[in-house]
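Computed from a predicted model, the values in this text were never measured in an experiment.
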Amino acid sequence: MSAIKGASSADADTAAGGQCSWNGVQEFDPIVWDPVPSYQYRNYTSPVVGPDGIDRDVMKMVRRMTVEEKVGQMTQIEVGQIIDCNGYLNTTAVEYWIDKWKVGSFLETPGNHNGRYKWYSPKKFAEITDAVQEIALRKGSKIPVIWGLDSVRGANYVKGAVIFPAGFATAATFDPSFAYSAGRIAAKDTRAAGAHWAFAPIMDLSVNKLWSRTYENFGEDPYLSGEMAKQSIAGYQGDYKNDRSRVAACLKHFIGYGYPFDGQDRSNRHIATHELLEYYVPPFKAAIDAGSATAMESYGAINSEAVVLSNYYLHKLLRKQLGFKGMLVTDWGEINSQVSTYFTAKDLKQANQVALQRTSIDMSMVADDPSFTEITIDLVKSGAISERRLDQSVARIVQLKKDLGLFDQPFADPQLASSVGSLQDIEAARDAARESITLLKNSDNVLPLSPYDNVLFLGPTLNSTRLMGGGWNVHWQGPSNEEGDTVYQGLGDTVLEGVQSIIGAAPRYMPAVDIEGTKLIDIDAVVEAARSSDKIVIGLGENTYAENGGNVDSLVLPWQQLNLVYTVSELTKKPIVVVLIQGRPRGLANVSTVAHAIVNAYLPGTYGGLPVAEVLYGKTNPSGRLPITYPATEAQASDTIWQASYSAYSPQWAFGYGLGYSDIAYSNVTLSSGTLSAGAPITATVSVTNNGPYPQKEPVMLFTHQQHRLGYAPDLFRLRGFTKVSLDVGETKTVQLKLKAEDMAFWDRDLTRRIEPSPVNVAINPYTQKNIVAVVQLNADSEHVLERA
């Protein structure tokens, strides 16, 4: 085995005669560019397209390949393997991976893997990806590589690219167009860096709210997640077979990842198969139907069955039942983890063999070593794995490269870099944040603030760009405490900066507590300043994290953050506004009672400061609604809007909850028919009036609750449709939403999907509006099977 193998490739430099002189401290990318303020996309009028088979020329190419070349195409290696000890591209290492192992894909940013720069500009990133492509075209299989990047909130690993609100914040808008715009902008900025494949959208249901990846997804509801996913894929991918400012989308993580039994990332999930089909599968089906070109399997196990080794999950369900035709990749090192972490295989040979024999995995994100490649070559040559099995996967990989135009032009388009970080993109991200921010409490109309109020601002989240960004923001875990906001070099804002732009003066601010909630800071001075204030705004929340780095044992916010609110309230008796900047619904204990107003800003992105300030001062009327259930206690961590109706549901705030500054009145809902039958949809109609005093955007949601269901407890509520309307003061709009009997079908333990007849309550916004309910009789033959797994 060659010496070129280590994660930092230091051995490679020694082999090539290089000298290690760098101290390992990352620097700022020196490239400075002035993006155009606005731009227009090229007009591709064809609809969103997806994978639709293998072209004849692709199959001819695959059949000409050697076994080594085929397995190489199925191998993905992380960029740290080709970065030298000075933080630069190691072309010797690139040639090693491409020429010796015929590697067909790389992933990640050097900023996460010992690269010279903290955050790589489009130009510096493209210098690396283009250099790798040049080697790939003349070495090894002479096939372009496909580069994957976690562009999950915009192109968050590309310097200057706008980092959008997190997935659950996007869902809180209840407007899928924001999922589209985030994906569309992420796609062009990812292509500007020379990457072609975004590992997004993320469609796990956030069920256990302890989970560190709650913020990445579109909430807990299957229908909301599916609607957001469809538009996200349209944004990322569009007509990716012609439009070279698009990328391949990747539905992930298939499947059931969002319900770890103890809330810890990658823990076992206990999910009955019929419940998996009922709740967890629908968003993925929506994404497949929307044409997602690729998919990523999930970490870990369901009912102790390893997903990456499962014939049921990764062949029968994904390919046969859901009809996925695209390319399937593992998550990071997941085949090897069967030996080192989950103990579901005795050795790497068995893990790789079973993964290839039982599943339809096409590419192994093996990441750090050639084990998959070496073992798979041996398995094929020994006859344990057929070469035909390789052909199926390699054909999908090569077809994807062709569809993305890599055989015609594999290099980064420098013209795309001119729009990275444009004012147009910044405003798009801010618009998403504006409509996501959710007002949870507003006693005595303490909000909106007046510019003439004497306001004291406290708390670490109000004076930080990085905390608004969270994880998957510059780095995997977000910028470190040491980097702080300096890593952005001014490419972002803070809540305080937003306030200053509104009131025309620097706001009064004191940190008061550290972000970890371990100590109060100058509390005597804080109390003295608070006593002389009219109102106090306190920013609470979380440090940055991702995956295992965000595991917590308790949902409750750290004690000293809560204590700050208690102390200031007790000693000043002044109105307190709490602003939450957090990646999951952290427990507030008595803060929910003590505070006069509570604003949930989620993770609004690195340009989220101005939108938060606009909501506080009434420049924006909040219209976000919770896409998750906000627990009141630790025991409610896994409560959802769709749980069994006989189970108590008394959270701090329910799914779909949120307030605005206006008085919104609803008429009662009327139905176009008193009966609901298969093949005969009905229309629910409701009138919505804005009684003022501000213009308001209002999400209108249609829920159903089946009064009884033979043998199976009905859901508390299921979201069946939604829209968002804009209302001027005094304006009334009539809203119509469709409902189908087929929506009421459910999966039973025999894995058949059918409808049980009963009366059904049709409710509009049940947790913000009371008694906006009509009843329809659901008619069906309960023995008739609509679908069978």
Side-chain angles (χ1 to χ4, degrees), residues 150-154 156 164-174 176 178-179 182-183 186 198-233 235-236 249-260 263-267 269 271 276 279-287 290 292 295-300 331 432 436 438 470-473 542 545-548 550-551 582-586 600 602-605 624-631 637-642 655-656 719:
D150 280 293
S151 294
V152 296
R153 306 169 50 195
N156 38 275
F164 276 72
F168 75 153
T170 303
T173 67
F174 279 82
F178 290 113
F199 299 134
I202 307 164
M203 292 142 44
D204 308 300
L205 295 189
S206 298
V207 177
N208 190 324
K209 311 309 185 299
L210 281 163
W211 189 37
S212 60
R213 308 194 74 166
T214 293
Y215 66 89
E216 298 181 44
N217 311 293
F218 294 128
E220 72 182 32
D221 182 78
Y223 180 76
L224 175 61
S225 181
E227 291 301 294
M228 291 290 170
K230 287 192 290 188
Q231 287 303 309
S232 182
I233 287 166
Y236 279 105
C250 182
L251 58 91
K252 72 178 191 181
H253 306 86
F254 195 84
I255 191 160
Y257 189 19
Y259 192 17
Q264 305 300 292
D265 189 42
R266 307 185 195 182
S267 286
R269 287 91 77 183
I271 307 172
L276 190 84
Y279 304 112
Y280 299 85
V281 165
F284 288 91
K285 184 179 189 313
S292 183
M296 183 184 295
E297 59 82 35
S298 167
Y299 284 128
D331 211 330
S436 71
T438 305
W472 306 102
N473 155 32
E542 298 184 292
Y545 58 81
E547 299 187 33
N548 285 326
N551 283 346
Q582 56 185 358
R584 58 196 144 194
R586 297 302 295 263
N600 189 13
Y602 308 93
L603 294 176
R625 300 293 183 262
L626 287 175
I628 51 176
T629 296
Y630 203 117
S638 294
D639 281 8
T640 65
I641 192 68
W642 42 263
F655 174 93
L719 181 66

Please enumerate all residues that pass side chain to side chain donor-acceptor pair (under 3.5 Å) together with Glu542, with sequence neighbours excluded.
Tyr545, Arg584, Arg586

By salt bridge (charged side-chain N to carboxylate O under 4.0 Å, His left out) - contacts of Asp639 (at least two apart):
none

Do you know the tightest heavy-atom contact between Ala169 and Leu603?
CB-O, 4.2 Å

Exam field: side chain Asn208 to backbone Leu210, donor-acceptor pair closer than 3.5 Å
yes

Regarding Asn217 and Ser206, is there a side-chain donor-to-acceptor distance under 3.5 Å anywhere?
yes

Mind checking ring pair (Phe, Tyr, Trp, His ring centres under 6.0 Å) for Tyr602 and listing every partner two or more places apart, or none if nothing turns up?
Phe168

Side chain to side chain contact (heavy atoms under 4.5 Å, CB included) partners for Ser267, two or more places apart
Pro260, Phe261, Asp262, Gln264

Does Trp472 offer a backbone N or O that forms a donor-acceptor pair with the side chain of Asn156 under 3.5 Å?
yes

Residues in side chain to side chain donor-acceptor pair (under 3.5 Å) contact with Thr214, at least two apart in sequence or another chain
none

Nearest non-hydrogen partners of Arg213 and Asp265, listed with the distance
CD-OD1, 3.7 Å

Rounding to 0.5 Å, atoms CG (Leu719) and OH (Tyr223) come to a distance of 7.0 Å

Do the two ring centres, one from Trp211 and one from Tyr257, sit under 6.0 Å apart?
yes

Ignoring hydrogens and geometry, is there a side-chain-to-backbone donor-acceptor pair from Ser225 to Pro222 under 3.5 Å?
no

Considering all heavy atoms, the nearest Ser151-Ala186 contact
O-CB, 4.3 Å

Can you tell me how far CG of Asp331 sits from CZ of Phe254, rounded to the nearest 0.5 angstrom?
14.5 Å

What is the distance from atom CG of Asn600 to atom CD1 of Ile628, rounded to the nearest 0.5 Å?
7.5 Å

Shortest non-hydrogen contact between Gly256 and Tyr280, atoms and distance:
CA-CD2, 4.0 Å

Salt bridge flag under 4.0 Å for residues Glu547 and Arg266
yes

How far apart are the closest heavy atoms of Ser292 and Leu251, and which atoms are they?
OG-N, 3.5 Å

All ring pair (Phe, Tyr, Trp, His ring centres under 6.0 Å) counterparts of Tyr259, not counting sequence neighbours
none

Could you label the plane-to-plane angle of the His253 and Tyr299 rings as parallel, tilted or perpendicular, counting under 30° as parallel and over 60° as perpendicular?
parallel

For the student: nearest non-hydrogen atoms of Ile255 and Arg269, plus distance:
O-NH2, 3.2 Å

Between Glu220 (side chain only) and Thr629 (backbone N and O only), is there a donor and an acceptor less than 3.5 Å apart?
yes

